[in-house]
Student: 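Below is one structure. I have some questions about it.
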Amino acid sequence: MEFTLFAPHVEKVELVGSWLERPVPLEKGEGGAWRAEVEVPDGRHCYKFRLKSLSPFLDGATVEVADPLARAVDEASDDASLLVVQGGRDVTTAPGYAWRHDDVPLPQDNELVIYELHVGEFTHDGKTPGTFARLLEKLDYLRDLGVNALELMPVKAYPGRNSWGYTPRHFTALESAYGTPEDFKRLVDECHARGMRVILDMVFNHSDDKAPLTQIDFYYWYRDTREDELYFGPKLDYERFDDTLGLFPARKFAAEVAAYWVREYHVDGYRLDAAYVIDNFDILHDLRRHAKEAAAGKPFYLVAEHLPENPAVAGPDGPADGAWHQRFELQVVATLCEGELREFRYDPGKTLEALDPRNHGYAAPERVVHFLESHDEITLMRVLGDYGITGDKALRKNKLGAALLFTAVGNPLLYQGQEFGGHRARKQEVRPLQWDLLGADYGRALKEHYAFLARLRHGSPALKGAEMEPIHLDQEGGVIAYRRGYGEAEVLVVANLRDEDKALTIPFPDGRWRELTFGYDIDSAGGQLADTFPASSAKIYVRRG
C-alpha cells in the first residue's frame, strides 16, 4: 500500500507503523510529496509520519504526526492515523459499501427545507451522546416533519470526547464517537432513500492547534491571527503561494478535503462556516468547483455563512449557491418580541422587507437560507421568554414566526428541537434534546404547525420561486400582507404582528379563496377582503375552484 505525505520543505520523512519493527523511509518526488510502498498485513493498524518539524514553535524537534489526510484516527493511540486491512485490501472507509439509493431524485437547491442538527445531541439518550445509527432511526420523523435536507454540524474528528466540532483537527477523518464509516454511509444512503439531501457543516478557515499541518511546517499552510480577528484556532493561509511548485498549499489541501467528502460519502452540499474569515472568493470558487466535480452531475448545494453579510458571495459571479440571511432572523425575531434585538427593533415595514432577500442585495433570493434559530443563536422560545413572552402567547409568536419563515423568499432552516419549542440555554456542550416537550399539548401543536407549513411549501411552486409582491402594510396596526407567485400558482399571506385580535378589510385580489391555517373558504370582491385575524397569527390563502 502506498503512503503519501505532501511536505515539500522537510528534509526527511519516515513511516512509523504499529505493524512495523522499524521505521520505513519515504522518498521525495518532484512535486513535493513523499511516498513509500509498504506491505500491510490484515488487521487494524496505527501509523504516523516521523520528521523534523519546520514549525518555529517546535524549534527543530523531531515529531510524529498523523497523516493530514487520514481517513480515520485512533484517539487511544494519541490520535494516530488508523488503517484497516482485510484480505489484503484497505477497508478503512468501507469501500465495498453497496449504495442502494444513489439514483433517487433529490430536491433542487430552491426546494429545500433544511434541518440543522448535532449528531451527538439529537439522539442523546441522557447518558451517552447520539450516533449515526440512532439518528438513522429518526429519519422517518424528520421526513414526516417535511425535512428534505439534513444539515449536520461538523462530523470531522475533533479533539476530546464531546464537541460541536468547530475546531477540526483531522479534516478527512470521521468522528469515531458517532460511528463507523459504514454507519455514516448507511445514514446518507437512507437519507437519499427518503428524498433527503445531506449537507455537511464544513470549517475551512481554521483548525485545532494540534492539527498535523501545524506540527509539520506551520507557515507553509497557516498565517498568524490578525489583530482584529477572534482566535478560534490557527488560520489557514490561502494567500501563500509556493513559487517553486506553482501552487497555493492551503488551497491544495482544502480542495482535496472538499472533494473527499463528496466522493467518499456521497454528501450533497456544504455549509461553509465563517466564510468571511477566509475573505477570498477565489478559494471559495475552488471549493465549490472541486466539490461539484466530485458530485459528478448530482445536485450539490454550497451555502456560505458570510457574516457580516455580503450578498456578492451568492451573486451571479459569486462562489456560493446560497447565503445565510441573518438580517431576516434578527428583524423577524425583534418583531415577534415587539422589542429590540441588537440594532433591530419591532418594525412591520422592515419585517415585510426582510421576507424578500432582494431588498438586501441578493441576486438569487430563492436560494438564500432563512432561519429563526441556529446553533449560533439563542432559541426563539428562550428569547421570547427574555421579553416576558411565555405560555400561549409564546406559542402564538412561534407559530407566526414559522409562517413567515416558510412563506418568505428563500430556503427555510429549522434548528433541532425548534419544531416542538425547544428552549435549552446556548452552551457549547453536548446535551440531550428536549424530546419530552412533544408530550405536551403545545409541543405537539407546534410540531404539527411546522409540518403543515413544510407540506404547503413542498406542494406550492409559488413558495419555491423568487416572485413576491407586498400588497398591504399597516405600520401602526402591525399588519402586513404579501403575494407569492409562480405562473398560475399563487399564495397570499396576511400576518397580524400584534398580539391582539383584529377585524380588518384589506386590499386583496378578487376571487374565491381557501384559508389554510384555520381551514375555511372565503370570497373577496371589489379588490378587498374582509376577515378576522387572531392575535399574533398569519393566515395563508390559496385560490379555490
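Counting from 1, the numbers follow the sequence of the chain as shown. Computation of the quantities below employed the complete heavy-atom set of this structure, encompassing side-chain atoms and omitting hydrogens, waters and symmetry-equivalent molecules. The shown structure was predicted, so the numbers you read here are calculated from the model rather than taken from an experiment.
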Student: Are the side chains of R186 and L136 in touch, meaning some heavy atoms are under 4.5 Å apart?
Tutor: yes
Student: Would one find more than 12 heavy atoms of other residues, nucleotides or ligands at under 6.0 Å from atom NZ of K350?
Tutor: no
Student: Drop me the distance from Q326's CD to L307's CG, to the nearest 0.5 angstrom.
Tutor: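 Going from CD on Q326 over to CG on L307, the span is 4.5 Å.
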Student: Is there side-chain contact between H206 and F232, with at least one heavy-atom pair below 4.5 Å?
Tutor: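 They are in contact (side-chain heavy atoms under 4.5 Å apart), so the answer is yes.
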Student: Scan side-chain atoms only and decide if D90 and T92 contain a donor-acceptor pair under the 3.5 Å cut-off.
Tutor: yes
Student: Hey, does E467 have a side-chain heavy atom less than 4.5 Å from the side chain of R483?
Tutor: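 The answer is yes; the side chains approach within 4.5 Å.
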Student: Using side-chain heavy atoms (C-beta onward) and a distance below 4.5 Å, is P412 in contact with R457?
Tutor: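 Contact flag for P412/R457 side chains = yes.
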Student: May I ask you to test the L287-F204 pair for a side-chain heavy-atom distance under 4.5 Å?
Tutor: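 When only atoms from C-beta onward are counted, F204 and L287 do touch, with a gap below 4.5 Å.
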Student: Pairing donors with acceptors under 3.5 angstrom, does anything connect the side chains of Y486 and S460?
Tutor: no
Student: Between the side chains of Y362 and E309, is a donor N or O closer than 3.5 angstrom to an acceptor N or O?
Tutor: yes
Student: Verify the ring-centre separation between F3 and F49: is it less than 6.0 angstrom?
Tutor: no
Student: Could you tell me the separation between the CG atom of L355 and the NE2 atom of H325, rounded to the nearest 0.5 Å?
Tutor: 9.5 Å
Student: Taking the basic N atoms (NZ, or NE/NH1/NH2) and the acidic carboxylate oxygens, is any pair closer than 4.0 Å for D79 and K210?
Tutor: no
Student: Determine whether the aromatic ring centres of residues W435 and F420 are separated by less than 6.0 angstrom.
Tutor: yes
Student: Determine whether Y450 and L145 make a side-chain contact, defined as any pair of heavy atoms from C-beta on separated by less than 4.5 Å.
Tutor: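 They are in contact (side-chain heavy atoms under 4.5 Å apart), so the answer is yes.
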Student: Measuring from T172:OG1 to Y260:OH, what's the distance to the nearest 0.5 Å?
Tutor: 5.5 Å
Student: Measure centre to centre between the rings of Y220 and H9, then say whether the value is under 6.0 Å.
Tutor: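 Between Y220 and H9, the centre distance is under 6.0 Å.
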Student: Would you mind checking if D224 and K235 are paired as a salt bridge, meaning a charged N to carboxylate O distance below 4.0 Å?
Tutor: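 Salt bridge absent between K235 and D224.
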Student: Between T379 and E373, is there a side-chain donor-acceptor contact under 3.5 Å, judged purely by atom types and distance?
Tutor: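 Checked: E373/T379 side chains show no N/O donor-acceptor pair below 3.5 Å.
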Student: What is the distance from atom NZ of K464 to atom CG of D109, rounded to the nearest 0.5 Å?
Tutor: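 One finds 13.5 Å between NZ of K464 and CG of D109.
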Student: Can you see whether D201 engages Y166 through a side-chain donor-acceptor pair at a distance of less than 3.5 angstrom?
Tutor: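 Yes - a donor-acceptor pair under 3.5 Å links their side chains.
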Student: Which salt bridge (Lys or Arg N to Asp or Glu O under 4.0 Å) pairs, counting each pair once, include a residue from residues 313-337, with sequence neighbours left out?
Tutor: R288-D321, K292-D321
Student: Could you grab the distance from atom CG of D268 to atom CZ of R197, nearest 0.5 Å is fine?
Tutor: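 Those atoms lie 5.5 Å apart.
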Student: Assess whether side chain to side chain contact (heavy atoms under 4.5 Å, CB included) is satisfied between D140 and R194, documenting all intermediate values.
Tutor: CA-CA 8 Å; D140 288 345; R194 292 160 177 80; 2.6 Å; yes
Student: Is the ring centre of F184 less than 6.0 Å from the ring centre of Y97?
Tutor: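 No; Y97 has its ring centre 6.0 Å or more from that of F184.
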Student: Does R240 have any salt bridge (charged side-chain N to carboxylate O under 4.0 Å, His left out) partners at least two apart in sequence or in another chain, and if so, which?
Tutor: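 Result, salt bridge (charged side-chain N to carboxylate O under 4.0 Å, His left out) vs R240: none returned.
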Student: If we ignore hydrogens and angles and just use 3.5 Å, is the side chain of Q416 paired with the main-chain N or O of H118 as donor and acceptor?
Tutor: yes
Student: Do the charged groups of E182 and K185 touch, with an N to O distance under 4.0 Å?
Tutor: no
Student: Side chains of Y482 and T407: donor-acceptor distance under 3.5 Å anywhere?
Tutor: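 Yes, a side-chain donor-acceptor pair sits under 3.5 Å.
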Student: For L463 and L456, run side chain to side chain contact (heavy atoms under 4.5 Å, CB included): C-alpha distance rounded to whole Å, both residues' side-chain angles, the deciding distance at 0.1 Å, then the answer.
Tutor: CA-CA 8 Å; L463 295 179; L456 174 64; 3.8 Å; yes
Student: Quick one: list whatever passes side-chain contact (heavy atoms from CB on, under 4.5 Å) with I378, sequence neighbours left out.
Tutor: R382, V383
Student: Could you pull out every donor-acceptor pair under 3.5 Å between side chains of residues 274-283 and any protein atom, sequence neighbours left out?
Tutor:
unit_1 : atom_1 : unit_2 : atom_2 : d
N280   : OD1    : D282   : N      : 2.8
N280   : OD1    : I283   : N      : 3.1
N280   : ND2    : E239   : OE2    : 2.5

Student: In terms of side-chain geometry, is the basic nitrogen of E190 or R100 positioned less than 4.0 Å from the acidic oxygen of its partner?
Tutor: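 Salt bridge: yes.
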Student: Would R358 and D356 pass as an ion pair if we require N to O under 4.0 Å?
Tutor: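 Result for this pair is yes, salt bridge flagged.
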Student: Can you confirm whether the side chains of Y231 and D209 place a donor and an acceptor under 3.5 Å from each other?
Tutor: yes
Student: Tell me every residue that passes side-chain contact (heavy atoms from CB on, under 4.5 Å) with K399, counting only those two or more places apart in sequence or in another chain.
Tutor: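 K399: side-chain contact (heavy atoms from CB on, under 4.5 Å) contacts with L395, L446, H449.
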Student: As a quick check of understanding, evaluate salt bridge (charged side-chain N to carboxylate O under 4.0 Å, His left out) for R71 and E264, giving each step before the final call.
Tutor: CA-CA 10 Å; R71 294 158 298 142; E264 186 65 49; 5.8 Å; no
Student: Using a strict threshold of under 4.0 Å (side-chain N to carboxylate O), is an ion pair present between K252 and D242?
Tutor: no
Student: Salt bridge or not between R484 and E469? Use side-chain N to carboxylate O under 4.0 Å.
Tutor: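 No, no charged N to carboxylate O under 4.0 Å.
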Student: Do L413 and H370 have side chains that approach each other closer than 4.5 Å (heavy atoms only, starting at C-beta)?
Tutor: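 They are not in side-chain contact.
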Student: Verify salt bridge (charged side-chain N to carboxylate O under 4.0 Å, His left out) between R223 and D237, making sure each step is shown before the conclusion.
Tutor: CA-CA 5 Å; R223 61 172 172 81; D237 187 355; 5.2 Å; no
Student: If you measure only the distance, is there a donor-acceptor pair under 3.5 Å linking the side chains of Y47 and D67?
Tutor: yes
Student: Any side-chain hydrogen bond (donor to acceptor under 3.5 Å, both in side chains) pairs touching residues 146-157, not counting sequence neighbours?
Tutor: none
Student: With a 4.5 Å cut-off on side-chain heavy atoms, are H306 and W324 touching?
Tutor: no
